[in-house]
Novice: 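Here it is, the structure in full.
Counting starts at 1 for both ligands and their atoms, following the listed order.
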Amino acid sequence: MYRTHNCGELRLTNVGEHVTISGWVQIAREFGSLTFVDVRDRYGITQLVFDRSQDADLCDLADTLGREFVIQASGTVRERSNKNPNRATGDIEIDAKTLTILNKSKVPPFTIEEETDGGDDLRMKYRYLDLRRPAVQRNIILRHEVAAETRKYLSEQGFLEIETPFLIKSTPEGARDFVVPSRMNEGQFYALPQSPQTFKQLLMVSGYDKYFQIVRCFRDEDLRADRQPEFTQIDCEMSFVTREDVLQTFEALLRHIMKTVKNIDLGEVERMAYDDAIRFYGIDKPDTRFEMKITELNELTQNKGFVVFDNAELVAGLCVEGAANYTRKQLDELTNWVKRPQIGAKGLVWVKCNADGSFNSSVKKFFTEEQSAEWAAKMGAKEGDLLLVISGEKDKTRKQLGQLRLELGNRLGLRKADEFKALWVLDFPLLEWDEELEHYHACHHPFTRPKDGYESIENIAEIKAEAYDLCLNGNEIAGGSIRIHERDLQEKMFELLGVGKEEAEEKFGFLMRAFEYGAPPHGGIAFGFDRLCALLGGQESIRDFIAFPKNNSGRDVMLNAPSPIDDLQYKELHIASAVEE
Ligand code: ASP
């Protein structure tokens, strides 16, 4: 038997027991005639003590131990004289009587402790060592728990977990496909699913009215910060449901996960129309842990002689509570912050609502104190608050204010990591004009149902969709929609999107045909599983919640993938090798 106990479970109640443990050497150190060895596994760390006065040979062996050696030791549990309150096993130690080196280890390239000295690249190259660190292990364990609770909850609600294929034909979620050449079908390719969207809709046609799957999705996108080319979704679909049914079902899922995994009671989940999110928060996934809404000020600010405002499509601002005491330096710094290319504002106008009721502003040449007071009243400002105003094109200005709002939220400590606020964003636009391609594309995806009233399409740009996103603390954690289930409407949709009849038939004929055989009304949602785990783990990056992630260039630096294939493979796959080209 390799072990009677793991390295995290021995306590004072075990004193006197003869035990065997196995694990990795965290550290071995000599103190006079004693050698102390900390042994680690995923459950914790236990201290072994070897006593030269009792067994010199054994102590000699213990003195050969290096970091990360794999050992087995047995001995008697005894109370420690020098207790370590920071460790669950810190009240005891093992008076070691045997020691076996199960395997040696080279000196690891970074320290395998809570905090490591290893840089990102090194940690990724030796990911199996990084995964030994308790900090990373906690994330991987949390991920397991979220998956387990998801399966448990949805199964209890009558959902069936059904797998769908990976070698398929393109599913449009707005990204590029990863493709796989077919050896048996010369010149033909599979696409890896960007999501199981079409399959889950087919399952609805088949009558599996509650489906879910914790599933890998593949999207060949230019990797923006913290995206992975392969990532995981909790993918769900239901038949005979209204939007309300879907919202309630999955709000309850989130509630269940947060309660069981983190013991967090998710409060009320607010709902907001997309148009309001953009208007008041400058973003489609508002962080509602704090207020600080955008106020539009055109009426109070235009045609008063300040050309910058007069020429702007939108003048709008934020009221920053209690910030009237910002120094000139702080204001200049904020101004520079909004002027950075990433934000792109032309400038920042500020108004201080001083404690004595007076006003001070960066545009006092153009606006009187009375006018400042009017702005303050419109923005609901009190004495001691600071107003920050940006102007320009409507969309850009809203976005800039949205970014400034989040930055201020960070600076003022309003975005607390241990506070959770979920929000449904509803009524997304159906279509979005693509400037580059000069045609509309579906905001969500082409299978999303237009909201009622679409039949008389005068201005298609204004049609809303039966689409919804679930946000948590300013992150989109899930998105879905009620779907089109009629062939003619689906055809019309493709038409709007500029997809020709033939192309639509070639790409989605299978789905439209299925719609002709009794497709029930249906809708669903998919959660970004990695992101959800990261948020529940209180962290920004999804990478540390994935056992073997890719780096920012989409590489697995441990495997060194992607990598070239050999000539024979090119040949078998009927594709020209790079060399031949
Ligand atoms: N397939 C969608 C996505 O990946 C989710 C859904 O509409 O259910 O975003």
Novice: Going by the rule ring-ring contact (aromatic ring centres under 6.0 Å, His included), which residues pair with Phe515 if we only count those two or more places apart in sequence or in a different chain?
Specialist: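 Listed in chain order: nothing, the list is empty.
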
Novice: So, using ring-ring contact (aromatic ring centres under 6.0 Å, His included) as the criterion, who are the partners of Tyr468 when residues are at least two apart?
Specialist: none

Novice: Strictly under 4.0 angstrom, heavy-atom based: which residues surround ligand 1?
Specialist: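 For ligand 1, the contacting residues are Glu173, Ser195, Gln197, Lys200, Arg219, Gln233, His444, His445, Gly479, Gly480, Arg483, Gly524, Ile525, Ala526.
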
Novice: Which residues pass the side chain to side chain contact (heavy atoms under 4.5 Å, CB included) test with Lys346, not counting sequence neighbours?
Specialist: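 Lys346: no side chain to side chain contact (heavy atoms under 4.5 Å, CB included) contacts found.
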
Novice: Does NZ or CZ of Lys200 lie under 6.0 Å from the centre of the six-membered ring of Tyr211, at an angle within 45° of the ring axis?
Specialist: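 Relative to the ring axis of Tyr211, which defines the angle, Lys200 lies outside at least one limit.
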
Novice: So do the side chains of Val180 and Leu167 get within less than 4.5 Å of each other, counting heavy atoms only?
Specialist: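 Of all side-chain heavy-atom pairs linking Leu167 with Val180, at least one is under 4.5 Å.
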
Novice: Could you tell me if Thr164 and Gln213 have a donor-acceptor pair between their side chains, going purely by distance under 3.5 Å?
Specialist: yes

